[in-house]
Amino acid sequence: MTQQFASDNNAGICPAALSALIEANAAGHAVGYGDDPWTSKAADAVRDVFGAPAAKVFFVFNGTAANALSLSQLCKPYNSIIAHAVSHVDTDEAGACSFFSGGATILPADTPLGKLTPEAVERLATRFSGVHHVKVRAVSITQSTEMGTVYSLAEFAEVCGVARQHGLKVHVDGARLANAIATLGCRPAEAVRGVDVLSFGGTKNGLGFGECVVFFDASLAEEFDWRVKQAGQLNSKMRLATAPWLGLLGNGVWLANARHSNAMAARLRDGIADLPGVSIMFPVQANAVFADIDPKVQAALRAKGWTFYTFLGDTGCRLMCAWDTTPETVARFVRDFAEEAAGT
Ligand SMILES: *Cc1c(COP(=O)(O)O)cnc(C)c1O
């Protein structure tokens, strides 16, 4: 299939991850369930990236599991988690967090640009108290956000600070954390300052599959192995899932992939921003462009074979770039778009 803008998960596995997989496979037999050299090296590589030698690292198949298992590790059944109203944990995981925690719920905040604000966290953290209400236990921050925006380090620190003031744990949904780090230009350690547990995304960044859960506060990871196993997330041929992480994290491929997809999104934005019948909805700070597009133009683009999602009403479209999106694909899309926009 030709390249599309529907999702970064439409892309395949990146060459560095694939060759690491082929190499691990060629090495023959290895012990199962993560008791192998690739897995321990991959966990070390994750700790190195974040400058967190004491962190506990667990590999799971997907982001829903990473989020739901890490949040359920933090929560008792009567707890709740403050998260954005469009967060993946609240809107795209079929209630997995509640299921795996035995009842914990999400308290959504509908703040601008997909970002939690300190005020919203404060309001939700203090709105209720006492035994008749769910007890707030954690804040879950998506970085980069579902709207393709990025919390600045100051904004991020403020949200973490309010969480801390109220004794709340901080979880980060980092399905696209790499894109945020590429944009911020900071050290990865700075991007996770104040975070207790991170769902670190590999799939959208260039793996075939796989995310990991990083407990920066190692004391929170107690018996997490059982949670992973019970949820059906313990890979028996673990090395084939973890070797690609070595390919991704070695030589900074993960950041190069993120910088590339971000750059393609910026190029796409520049190409369509001034066309008639289009307006860019949010600052493009990661690998997604949200654009308000005339439904007639949308239909014409789809008729030409392009796929993308209309997420917000009838006109709010998401155009998502991936590690392999080429400038030529962007140019072709922009050309088609310009033709159709001129006709309306
Ligand atoms: C894609 C994504 C995930 C992970 O989703 P899975 O399909 O379960 O792997 C988690 N959070 C965000 C913000 C995502 O975009």
Side-chain angles (χ1 to χ4, degrees), residues 4-13 17 58-72 81-100 106 108-109 111 113-116 138-151 156 159 170-183 191-192 195 197-214 227-228 231-233 235 241 244-245 248 254 257-258 261-262 265 282 284-290 308-309 311-312 317-323:
Q4 294 293 350
F5 295 98
S7 178
D8 33 5
N9 66 18
N10 284 202
I13 182 169
F58 300 84
F59 294 93
V60 295
F61 288 101
N62 58 32
T64 299
N67 285 340
L69 296 180
S70 55
L71 288 169
S72 58
I81 300 136
I82 296 170
H84 196 274
V86 297
S87 63
H88 204 271
V89 287
D90 196 31
T91 63
D92 283 309
E93 299 186 357
C97 177
S98 289
F99 177 76
F100 284 109
I106 307 288
T111 36
L113 303 177
K115 295 187 200 178
L116 294 172
V139 175
S140 178
I141 306 171
T142 310
Q143 175 78 314
S144 56
T145 73
E146 282 82 356
M147 303 284 100
T149 56
V150 169
Y151 291 83
F156 191 88
V159 172
V170 175
H171 166 262
V172 166
D173 178 346
R176 299 189 185 90
L177 183 64
N179 300 86
I181 293 172
T183 294
V192 294
V195 176
V197 55
L198 165 70
S199 300
F200 184 39
T203 308
K204 286 166 183 161
N205 187 250
L207 293 183
F209 66 90
E211 315 277 296
C212 69
V213 177
V214 186
R227 224 176 255 289
V228 170
Q233 290 283 324
N235 193 342
W245 278 98
L248 203 64
W254 66 292
N257 284 354
S261 58
N262 289 359
F282 310 121
V284 175
Q285 295 171 327
N287 59 331
V289 178
F290 279 81
F308 52 89
Y309 288 106
F311 267 155
L312 307 168
C317 301
R318 187 189 75 169
L319 304 164
M320 190 62 111
C321 297
W323 65 268

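Both ligands and their constituent atoms are indexed starting at 1 by order of listing. Computation of the quantities below employed the complete heavy-atom set of this structure, encompassing side-chain atoms and omitting hydrogens, waters and symmetry-equivalent molecules.
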Run the side chain to side chain donor-acceptor pair (under 3.5 Å) test on Ser7 and Asn9 for me, step by step, so that the C-alpha distance in whole Å, both residues' side-chain angles and the decisive distance to 0.1 Å come before the verdict.
CA-CA 5 Å; Ser7 178; Asn9 66 18; 3.1 Å; yes
Per-atom contacts, ligand 1 versus Ala175 - under 4.0 Å to a heavy atom
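Matching atoms, with element in brackets: 2 (C), 3 (C), 10 (C), 11 (N), 12 (C), 14 (C).
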Heavy-atom contacts with Thr142 under 4.0 Å: which atoms of ligand 1 show up? List them by number with element.
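So the atoms of ligand 1 that pass are 13 (C).
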Give the residue and atom name of whichever protein heavy atom lies nearest to [atom], and the separation in Å to one decimal.
atom: atom 14 (C) of ligand 1; answer: Lys204 NZ, 2.8 Å
atom: atom 8 (O) of ligand 1; answer: Thr64 OG1, 2.5 Å
atom: atom 5 (O) of ligand 1; answer: His88 CE1, 3.2 Å
atom: atom 6 (P) of ligand 1; answer: Gly63 N, 3.6 Å

Mode of Val89 contact toward ligand 1 - side chain, backbone, both, neither (heavy atoms, under 4.0 Å)
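Neither; no heavy atom under 4.0 Å.
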Under-4.0 Å heavy-atom contact with ligand 1, by part of Asn67 that carries it:
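Just the side chain.
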If every non-hydrogen atom of Ala6 is compared with every non-hydrogen atom of Tyr309, which pair is closest and at what distance?
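Shortest heavy-atom separation between Ala6 and Tyr309 comes out as O-CD1, 3.3 Å.
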Might you work through the side chain to side chain donor-acceptor pair (under 3.5 Å) test for Glu93 and His88, ending with a clear yes or no?
CA-CA 6 Å; Glu93 299 186 357; His88 204 271; 2.5 Å; yes
Spell out, as yes or no, whether a donor-acceptor pair under 3.5 Å connects the side chain of Asn287 to the backbone of Cys321.
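Flag set: sc Asn287 to bb Cys321 pair under 3.5 Å.
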Atom CZ of Phe311 with >12 non-hydrogen neighbours under 6.0 angstrom:
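Enclosed: over 12 neighbouring heavy atoms sit under 6.0 Å from CZ of Phe311.
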If the contact criterion is a heavy-atom separation under 4.0 Å, does Arg176 count as touching ligand 1?
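Distance cut 4.0 Å: Arg176 passes for ligand 1.
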Test item, Asp173 contacting ligand 1 (heavy atom, 4.0 angstrom)
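Flag set, Asp173 near ligand 1.
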Qualifying residue, where the test is side chain to side chain contact (heavy atoms under 4.5 Å, CB included) with His171 and the options are Asn67, Thr142, Val213:
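Testing each of Asn67, Thr142, Val213 against His171, the sole residue satisfying side chain to side chain contact (heavy atoms under 4.5 Å, CB included) is Asn67.
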Pair Asn179-Ser261, side-chain donor/acceptor within less than 3.5 Å
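There is such a pair between these side chains.
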Which option wins on minimum heavy-atom distance to atom 13 (C) of ligand 1: Glu146, Met320, Gln143, His84?
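It is Glu146 that holds the nearest heavy atom.
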Indicate the ring-plane relationship of Phe200 and Trp254, choosing parallel, tilted or perpendicular according to the 30° and 60° boundaries.
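The rings of Phe200 and Trp254 stand perpendicular, inter-plane angle above 60°.
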